[in-house]
Structure formats: C-alpha cells, structure tokens
Amino acid sequence: MIVRLNGEERELGDGATVASAVALLGVEPQARGVAVAVDREVVPRGAWEATPLAPGAQVEVLTAIQGG
Amino acid sequence: MSTAVQDPLVIAGRAFGSRLLLGTGGFPSLEAMAAALRASGSELVTVALRRVDPTQRGSITDVLGAAGVDVLPNTAGCYTARDAIVTAQLAREAFETSWIKLEVIGDDRTLLPDAPELLAAAEALVDDGFVVLPYTTDDPILARRLEDVGCAAVMPLGSPIGSGMGIRNPYNIAIIRERTELPVILDAGVGTASDAALAMELGCDAVLCASAISRAHDPIAMARAIRKAVEAGRLARGAGRIPRRLHAEASTPDAGLPDFGAPAAT
C-alpha cells in the first residue's frame, strides 16, 4: 500500500497504522514534541497504534523546530 | 514562571516575570539559541512545527524543557485560516499546550497578516478552547475585533517580520494600547534595543524579538541589551514622559540671575 508520508510516496504493508508510518521516519514512539495528522485530521498519540491507514492517505508527521 | 514577581506580565491568568518573549528562529544552532535565551531572561518562547527531519540533531523541545521556559507554538507559514487551525491543533498535541501564537500570512514578500483569515482562524480556535495570541497588523480596529472574538492578547507588528525597521506607526500602537483591555505585545520589526524601549514607552505590555537577537552580530549581547531596554521602557512608561513642545522651556530659573552691567565702551 502506498501512502504519502511527509510529502513522499512510501510503501507500507497491509494493515499499516499511523504508528507504522511514524516508525518508518525513525521517530521513537515516546518522542516528545511530535504530532501527526492524517488527511488533515489530528491523530492523538494514544491512537497511533489503533489507527489504520488507507491507501493514498496523506500523513504529516511534524515536530518542533526553531521559529517565530 | 516566577511566583513572587513585582509587576508581572499576565496573559490568560498566567504571570511572567519577564516582558521579553523570545522567538527562536534564525539562530545558527540550538546552543546559540540556548545561550541567548539565558541572556534574554525570557520565560515564554516561540517554536514552529515542521515535518520530522530524520537527519536532525538535537531537540529544541528538550533544550527548552531544560531551560524551564514555557513554549508558545506558532502557526508560521500558514496562509489560510484552514491551515492555521490544523497547525494549531497539531501544536496542541505536540506540546501539550493550548496556547498558540496565531500567524496567518497574506504573501511571502511582506509576510503581513491576512486580516480576514486571521480573524476567522482566531474565532475558530477560541471556540476550540485555545489561548490565542494573534500576530496582527498595527490596525486598532482589527485589534478590537480580535479582542471581541476572545483572543488572550494582541501582537501588533512594528514593521514587517525580520525587517528591523522598528515601529513605523507609533501612533497606531498607542491607539491599540488605548482601545484594548488585552495585553499588547509588540511583535515583529524590532531591530535594536531602542525599538523595544519605544514599544514599552508606548504602553505595550511586552515585546517579542526573534531576528533582532538571533541575527545580531553578537546575539547574547543583543539579548541582554533588549532585555534592559524592555525594563527601561516599562519604567519610563510608568514614570510618565514630559509633553513634547515646539519651543524650549528652561529648567534653570531666571530668578537670581546676576547683572554684570553693560560691556565697557572701547
């Protein structure tokens, strides 16, 4: 299954969840200051494991940078 | 947050001892940012959200956590209310804070706020339980509208972001101060210490600086200078400046002036 992860098409196995996508980016599940949106909807950290991704899902995994 | 501070800055019921907010953008490294942060004395610090970069070394979240300051996430880079709202919701999830510095920009050349989108986003975020601090123009009417929809402060610009042009319309900043009950935080345009002092003399409650410090030749020295300028401006505002007048007014009395006689004829 192909999803769009942080702007790039990435291959994920069937049954992949938000947690799998986050892991693909090398982000530790407990990493502080990370948030995820799937198709513009925020997925709370506690729901990463249980939230499946559909093919073509647009996944944005964001974190803090210096700014403002 | 300090507990026994004289003259604290209070935003949404939270008290801060420092009236200087630090924007963390523009520093060459996290270490440089941390050093300037210490010199600034700031207790409320902005951060932005961007895509995770697997090559990134160090975490600003950890650095700010170790410094014990409060984080004020922003929505920098958003051009629509819709994007700003999602970004704020992600920031709330990432930083576990409902505080948001709301930026909705009109174009990438001026980086000026887009007033209708800003107001729409502010209203939606307040309804969603956010403590909203909007980056706004120096328009007193827009500031009032932002107050009406429930923002916790207003953050008018002195001049465009990163321009270092100071406060281009001090009269508008003074009017904003006069017409709103909210804390007024001058945001954007400060180039050096005197700009920050002027903001405070005009009655602003606080000043936010990023580039003025991060892009100074010596950011630590500039952080210290602007910190003192904010304190000086606050004191001067409270002290009450003398009115401006066209002609001189002697401070030394005429009474008791001696008469040395006419010059001797030659």
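Here is the naming used below: chain letters follow the sequence lines, and residue numbers restart at 1 for every chain. Small disclaimer: the values here were computed from a predicted structure and weren't measured.
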Within residues 13-27 of chain A, the residues sitting under 4.5 Å from chain B by heavy atom, in sequence order, are Leu25(A), Val27(A)
Region of Ser29(B) that comes under 4.5 Å of a non-hydrogen atom in chain A:
backbone
Below 4.5 Å, heavy atoms only, C-beta onward: do [X] and [Y] meet side chain to side chain?
{"X": "Trp99(B)", "Y": "Val71(B)", "result": "no"}
{"X": "Leu186(B)", "Y": "Leu208(B)", "result": "no"}
{"X": "Val190(B)", "Y": "Val207(B)", "result": "yes"}
{"X": "Leu157(B)", "Y": "Tyr135(B)", "result": "yes"}
{"X": "Val38(A)", "Y": "Gln58(A)", "result": "no"}
{"X": "Ile2(A)", "Y": "Glu11(A)", "result": "yes"}
{"X": "Cys151(B)", "Y": "Pro134(B)", "result": "yes"}

Dump the intermediate steps for side chain to side chain contact (heavy atoms under 4.5 Å, CB included) on Leu30(B) and Ile60(B), then the final yes or no.
CA-CA 7 Å; Leu30(B) 279 175; Ile60(B) 188 170; 3.7 Å; yes
To the nearest 0.5 angstrom, please state how far the CZ atom of Arg50(B) sits from the CD1 atom of Ile65(A).
5.0 Å
Sidechain-backbone polar pair: [X] side chain, [Y] backbone, donor-acceptor under 3.5 Å:
{"X": "Asp70(B)", "Y": "Leu44(B)", "result": "no"}
{"X": "Thr136(B)", "Y": "Pro156(B)", "result": "no"}
{"X": "Gln66(A)", "Y": "Gly26(B)", "result": "no"}
{"X": "Ser59(B)", "Y": "Asp62(B)", "result": "yes"}
{"X": "Arg227(B)", "Y": "Ala39(B)", "result": "yes"}

Toward chain A: residues of residues 122-132 of chain B with heavy atoms under 4.5 Å:
none
Applying a heavy-atom distance below 4.5 Å, give me the residues of residues 79-93 of chain B that approach chain A, sorted by number.
Arg82(B), Asp83(B), Val86(B), Gln89(B), Leu90(B), Glu93(B)
Do you know which of [options] has the most heavy-atom pairs with chain A at a distance under 4.5 angstrom?
{"options": "Asn74(B), Leu22(B), Leu49(B)", "result": "Leu49(B)"}
{"options": "Val47(B), Val45(B), Leu21(B), Thr24(B)", "result": "Thr24(B)"}
{"options": "Thr46(B), Asp53(B), Val52(B)", "result": "Val52(B)"}

With sequence neighbours excluded, what pairs up with Ser163(B) under the side chain to side chain contact (heavy atoms under 4.5 Å, CB included) test?
Ser159(B), Pro160(B), Met165(B)
Counting heavy-atom pairs under 4.5 angstrom with chain B, the leader among Ala37(A), Gly7(A), Ala64(A) is Ala64(A)
